[in-house]
> 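Could you have a look at this structure, given as structure tokens, before my questions?
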Amino acid sequence: MDAEAAKLLGAGLAAIGCGLAALGVGNVFASFLDGALRNPGAADGQQGRLFIGFAGSELLGLLAFVIAILLIVG
């Protein structure tokens, strides 16, 4: 396998992380809504953790995207 093919294969595998980040964000919000509907009084106290989970999932997705772009360009 030549270097260009390996680079593109690695970029494709890194791009899978973007899709998995979308699943992670969906799971974070689904869990928050599930908990908020079970106990509406505690929902306000958990909203900060919701945004931290969202930011962590998005950060990993963006990192996977950047790695994929760097592999393609570099």
> What is the minimum heavy-atom distance between Ala11 and Leu71, and which atoms define it?
N-CD1, 3.7 Å
> I need the minimum non-hydrogen distance between Ser57 and Val28, along with the two atoms involved.
OG-CG2, 4.1 Å
> Considering all heavy atoms of both residues, which atom of Ile67 and which atom of Ala14 are nearest to each other, and what is their separation?
CG2-CB, 4.1 Å
> I need the Asp34 CG to Asn27 CG distance, nearest 0.5 Å.
11.5 Å
> If I take atom CD1 from residue Ile52 and atom CG from residue Leu59, how far apart are they, to the nearest 0.5 angstrom?
13.0 Å
> Taking atom CG of Leu60 and atom SG of Cys18, what is their separation to the nearest 0.5 Å?
10.5 Å
> Kindly give the heavy-atom pair with the smallest separation between Ala68 and Ala15, and that separation in Å.
CB-N, 4.2 Å
> Taking CZ in Phe32 as the centre, count heavy atoms belonging to other residues, nucleotides or ligands within less than 6.0 Å. Is the count above 12?
yes
> Measure the CG-CD distance between Leu9 and Glu4 for me, rounded to the nearest 0.5 Å.
12.0 Å
> Val73, Phe65: one ILVMFWY side-chain cluster at the under-4.5 Å cut-off?
yes
> Is Leu50 reachable from Val25 through a run of I, L, V, M, F, W or Y residues, each pair having side-chain heavy atoms under 4.5 Å apart?
yes
